[in-house]
*Asks:* 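Questions regarding the structure given below will be posed in turn.
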Amino acid sequence: MHQTKPTFRPIFVLPLLSSALGACASVSPGPRATPAQGVEPRDHRIEIVLGQRDLGDDFEPVEEQFTVGLDYSRMFGDGRFAWSVGASYSNDEKIINGVPNQTLGPAGVGQFVDITGTLIQVDVGARVFLTAPDARVRPYVGAGLAFVQAQTEVNSTSGDDSSFGGLLRGGVDFRLTEALFLGLEARSLLGTDLDINGDSIDADYTQFGAVLGFAF
């Protein structure tokens with residue numbers, strides 16, 4: 001892990017927002033459409049998220065972490081707004097060559113180092129959907145507050161710390177049936193501050209993932 005923190009990390013959200021706005025440009029933003037006959041409003045959503053997080057240089061070489069998450073959302077207002085709570089877990093492990101083997105000399109085989117990085121997150125937030133509730137394509141943007149617990153382990157030595165951070169998210173849902181939808185989503189975590197084994201690092205990340213959702 002590195003002690004020097006990067007001074008700037010690009011935020012992915014602006015390109016994604018631009019794409020989302022473009023996707024809904026052809027959709028009339030008029031009043032909420034009347035649900036089809038026999039279709040009941042579905043204000044609750046459960047979402048399973050699978051994706052990849054990039055935690056940056058501070059977590060190298062275990063910065064590219066596979067993540068799995070679960071979100072619950074409750075729609076309110078005219079169906080264009082939702083608050084949500086979620087939890088997620090990400091992990092990566094690498095075995096690399098460490099310092100040269102002093103017994104064998106510089107030409108000897110390096111010692112193997114087993115490095116593991118883990119991030120556990122819980123978050124709360126809100127989302128704004130840019131099209132009507134009955135639209136088949138629903139882009140959205142959102143923001144919230146996250147609490148993360150990070151852990152690193154190098155061979156038998158481990159350390160951990162926790163921090164709060166700000167969460168930005170944006171994506172698009174594709175409705176398949178009344179109750180089932182698929183989606184693509186990007187997230188960015190900002191403003192975390194950790195101290196692990198004397199290293200001042202952060203757990204800020206960008207994440208891209210796929211969403212499988214159920215409405216009820």
*Asks:* Supply the atom-to-atom distance I120 CD1 to S88 OG, rounded to the nearest 0.5 angstrom.
*Replies:* 9.0 Å
*Asks:* Decide side-chain hydrogen bond (donor to acceptor under 3.5 Å, both in side chains) for Q121 and Y205; before the verdict, give the C-alpha distance in whole Å, the side-chain angles of both, and the deciding distance to 0.1 Å.
*Replies:* CA-CA 12 Å; Q121 174 180 307; Y205 64 73; 2.6 Å; yes
*Asks:* Please test S90 against Q65 for side-chain hydrogen bond (donor to acceptor under 3.5 Å, both in side chains), starting from the C-alpha separation and ending with a verdict.
*Replies:* CA-CA 6 Å; S90 64; Q65 299 189 1; 2.7 Å; yes
*Asks:* Exactly one of L70, L119, T118, T67 should register a side chain to side chain contact (heavy atoms under 4.5 Å, CB included) with Y89. Which one does?
*Replies:*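 The passing option is T118.
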*Asks:* So do V148 and L189 actually touch side chain to side chain, heavy atoms under 4.5 Å?
*Replies:*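 In short, these two side chains touch, coming nearer than 4.5 Å.
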*Asks:* Starting from the C-alpha separation in whole Å, work towards a yes-or-no answer on side-chain contact (heavy atoms from CB on, under 4.5 Å) for T152 and T116.
*Replies:* CA-CA 6 Å; T152 63; T116 303; over 6 Å; no
*Asks:* Nearest 0.5 Å, please: how far is CD1 in I48 from CG in D71?
*Replies:* 10.5 Å
*Asks:* Do you know the tightest heavy-atom contact between K94 and P61?
*Replies:* CG-O, 3.5 Å
*Asks:* Looking at D173 and R175, is any side-chain nitrogen of the basic one under 4.0 Å from a carboxylate oxygen of the acidic one?
*Replies:*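 Here R175 does not pair with D173 in a salt bridge, since their nearest N and O are not under 4.0 Å apart.
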*Asks:* Show, in sequence, the C-alpha distance, side-chain angles and deciding distance for D160 and Q149, and conclude whether the side-chain contact (heavy atoms from CB on, under 4.5 Å) test is met.
*Replies:* CA-CA 7 Å; D160 62 84; Q149 177 78 22; 3.0 Å; yes
*Asks:* Nearest heavy-atom pair of L212 and L180: which atoms, and what distance?
*Replies:* CD1-CD1, 3.6 Å
*Asks:* Same cluster for V49 and I46 if Ile/Leu/Val/Met/Phe/Trp/Tyr side chains link at under 4.5 Å?
*Replies:*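 No, no single cluster joins them.
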*Asks:* Do S188 side-chain atoms and T206 backbone N/O form a donor-acceptor pair below 3.5 Å?
*Replies:* no
*Asks:* Salt bridge between E47 and R127, side-chain N to carboxylate O under 4.0 Å?
*Replies:* yes
*Asks:* One thing to verify: whether D43 and R80 come together as a salt bridge, which I'm taking to mean a side-chain N less than 4.0 angstrom from a carboxylate O.
*Replies:* no
*Asks:* Following the transitive rule for hydrophobic clusters with a side-chain heavy-atom cut-off under 4.5 Å over Ile, Leu, Val, Met, Phe, Trp and Tyr, establish whether V154 and I96 coincide in one cluster.
*Replies:*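 Yes, one cluster joins them.
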*Asks:* In terms of ring plane angle, is the pair W83 and Y72 parallel, tilted or perpendicular, where the classes change at 30° and 60°?
*Replies:* perpendicular
*Asks:* Using the rule that two of Ile, Leu, Val, Met, Phe, Trp, Tyr join whenever any of their side-chain heavy atoms come within less than 4.5 Å, decide whether F76 and F216 are in one cluster.
*Replies:* yes
*Asks:* Apply ring-ring contact (aromatic ring centres under 6.0 Å, His included) to F164 and list each qualifying residue two or more places apart in sequence or on a separate chain.
*Replies:* F147
*Asks:* Could you give me the CA-CA distance, side-chain angles and deciding distance for R187 and D123, then say whether side-chain contact (heavy atoms from CB on, under 4.5 Å) is met?
*Replies:* CA-CA 12 Å; R187 300 187 182 194; D123 55 79; 4.1 Å; yes
*Asks:* If you take all heavy atoms of D58 and I201, which pair is closest and at what distance?
*Replies:*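 Heavy atoms only, the tightest pair is OD2-CA, 3.3 Å.
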*Asks:* Just so I know, are the side chains of Y140 and V172 near enough to count as touching, which here means a heavy-atom distance under 4.5 Å?
*Replies:*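 Heavy-atom side-chain distance check fails, nothing below 4.5 Å.
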*Asks:* To check you understand the geometry: which heavy-atom pair defines the closest contact between A203 and L194, and what is its length?
*Replies:* CB-CD1, 3.7 Å
*Asks:* Is any side-chain heavy atom of F66 closer than 4.5 Å to one of L50?
*Replies:* yes
*Asks:* To the nearest 0.5 Å, what is the distance between CZ on F214 and CZ on R45?
*Replies:* 12.0 Å
*Asks:* Would you call D204 and R53 a salt bridge, taking side-chain N to carboxylate O under 4.0 Å as the test?
*Replies:* no
*Asks:* Nearest 0.5 Å, what's the CG-CD distance between D54 and E64?
*Replies:*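 Going from the CG atom of D54 to the CD atom of E64 covers 4.0 Å.
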*Asks:* Is there a side-chain contact (heavy atoms from CB on, under 4.5 Å) between Q207 and Q52? Walk through the geometry before answering.
*Replies:* CA-CA 6 Å; Q207 173 182 314; Q52 187 85 3; over 6 Å; no
*Asks:* Tell me if a side-chain donor or acceptor on R138 pairs with a main-chain N or O of A132 at a distance below 3.5 Å.
*Replies:*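 It does hold such a pair.
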*Asks:* Measure the CD1-CD distance between I95 and E93 for me, rounded to the nearest 0.5 Å.
*Replies:* 5.5 Å
*Asks:* Between D193 and S200, what is the shortest heavy-atom contact and its length?
*Replies:* OD1-OG, 4.1 Å
*Asks:* Taking atom CD of E153 and atom CD1 of I196, what is their separation to the nearest 0.5 Å?
*Replies:*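 Between E153 CD and I196 CD1, I get 12.0 Å after rounding to 0.5 Å.
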*Asks:* With a 4.0 Å cut-off, would you call E185 and R169 a salt bridge?
*Replies:*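 Yes, this pair counts.
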*Asks:* Heavy-atom distance under 4.5 Å between the side chains of L130 and P139, does that happen here?
*Replies:*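 Heavy-atom side-chain distance check passes, below 4.5 Å.
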*Asks:* Quick one, L182 and L176 - any side-chain contact, counting heavy atoms below 4.5 Å?
*Replies:* yes
*Asks:* Which pair of non-hydrogen atoms, one from V137 and one from T131, has the smallest distance, and what is that distance?
*Replies:*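 So the two residues come closest at O-OG1, 2.9 Å.
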